[in-house]
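Since the structure comes first, as structure tokens, the remarks are kept for the end.
Order of listing sets the numbers, starting from 1, for every ligand and every atom in it.
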Amino acid sequence: MLKDFWYALDFSHAVTRKPRKVTCLGQDFVLYRKRDGSVACLSDLCVHRGGALSMGTLVDDVIACPYHGWQYAPDGACVKIPANPEGRGIPRKARVDAYPVRESYGMIWAFLGDLPEEERPPIPHFPEHDDPSFRPVYFEMEINANYERTFENVVDAAHTPFVHGTAFGNPDKPEVPDFEVRQGKWHAEADILLSPPPAKGRWKRLYKDKPEQVVVTNAWYLPNIVKLHVRLPFGDLLLYDHNVPLSRDRTLVKIVGYRNFLTRKWADGNAVKRIEKIFLQDKPVVESQRPELLPYDLSDELHIRSDSLQVAYRRRRRELIEAGWWIGDHEHPAATVIPSPVRREVP
Ligand code: FES
Ligand code: CO
């Protein structure tokens, strides 16, 4: 798993004055909203006896452990030990790791790593979020597979006619025409021509002059985000998926979807059901992948031209691993402690 990136840990609307436990890179964190509306992110592990701060309570902006009441400020420093008599100091080591937080695109992002601010990779830009013609919807699903599998699955155009043949894939047109990958330092994207299936139901009316092919822009953003942008003749549909690594074999996919046509219908809950239906088609296939049984190294399965986006990801990931950005290993990702810039500043 890649450290030293901004990770979207939760939806903005889910984070309130009630402390909330989230998991990422095999580690637990507690998120809570401070009095001024900004969000604090601390390691969910009290240094006294390992209590879960997320089960504690807030006293103004300070969080109190549920076990013996030690209180931690948003920067992770312990500010009160109730069992200590008046005047006794607080041990210098009494602190939990704190992580920098940003709030944008309907998500709470925490920087998981210890790079100084000026060296941190950016949070990607999602322009639809601030465009009033788009309506967002939020959805999440847990998948029992490694996050790199759920991540690569979305930029994999060739699975669509097979896995989604009863939805938007066309089993009669499985060819993926060659496409060009445009790559930057932290992301890559490609416009891929797909053949939609014959229009059904209310889509028939929208598709009066149904195009033979539709351009879908697939993209990935390091460390764990994938985008699917379907460019329909009457508007745009986008899904941004945050593949949050819970452990080696479990991923919480948090999705923000946008649409700029039929927006009232999009916001009414049906959209979420439709996204869920698509993900339920992917889930059993992704969960049953067994690449470890192949006679190749994990980073070296058999690729063809239509896998170019995944190949670009694996190549970039390999560079970052060689540069020391990987944390944990494939066997024991949970046995790691994520470095924090705040800890680094403490003498
Ligand atoms: Fe948190 Fe004791 S375990 S105060
Ligand atoms: Co799919």
G37 backbone acceptor or donor facing R33 side chain under 3.5 Å: yes

N/O donor-acceptor pair under 3.5 Å between N153 side chain and V286 backbone: no

Return yes if a side-chain donor-acceptor contact under 3.5 Å exists between D36 and S38, otherwise no. yes

Side-chain donor-acceptor pair present, N260, S133, cut-off under 3.5 Å: no

Which residue and atom name correspond to the protein heavy atom nearest atom 3 (S) of ligand 1, and how close is it? R49 N, 3.3 Å

With a cut-off of 2.8 Å, does H68 place any N/O/S atom under that distance from atom 1 (Fe) of ligand 1? no

Verify the distance test for C46 against atom 1 (Fe) of ligand 1: any N/O/S atom under 2.8 Å, yes or no. yes

Which ligand 1 atoms are under 4.0 Å away from a heavy-atom of C65? 1 (Fe), 3 (S), 4 (S)

Mark up the atoms of ligand 1 that fall under 4.0 Å of a heavy atom belonging to G51, in ascending order. 3 (S)

Starting from the Co ion (ligand 2), look over the N/O/S atoms of H164 and name the nearest one. NE2

Answer yes or no: are there more than 12 heavy-atom neighbours, outside E117 itself, under 6.0 Å from its atom CD? no

Do you know which N/O/S atom name in H48 is closest to atom 2 (Fe) of ligand 1? ND1

Looking at the rings of W266 and Y258, which for Trp means the six-membered one, are their centres under 6.0 Å apart? no

Look at D282 and state whether any of its N, O or S atoms is less than 2.8 Å from the Co ion (ligand 2). yes

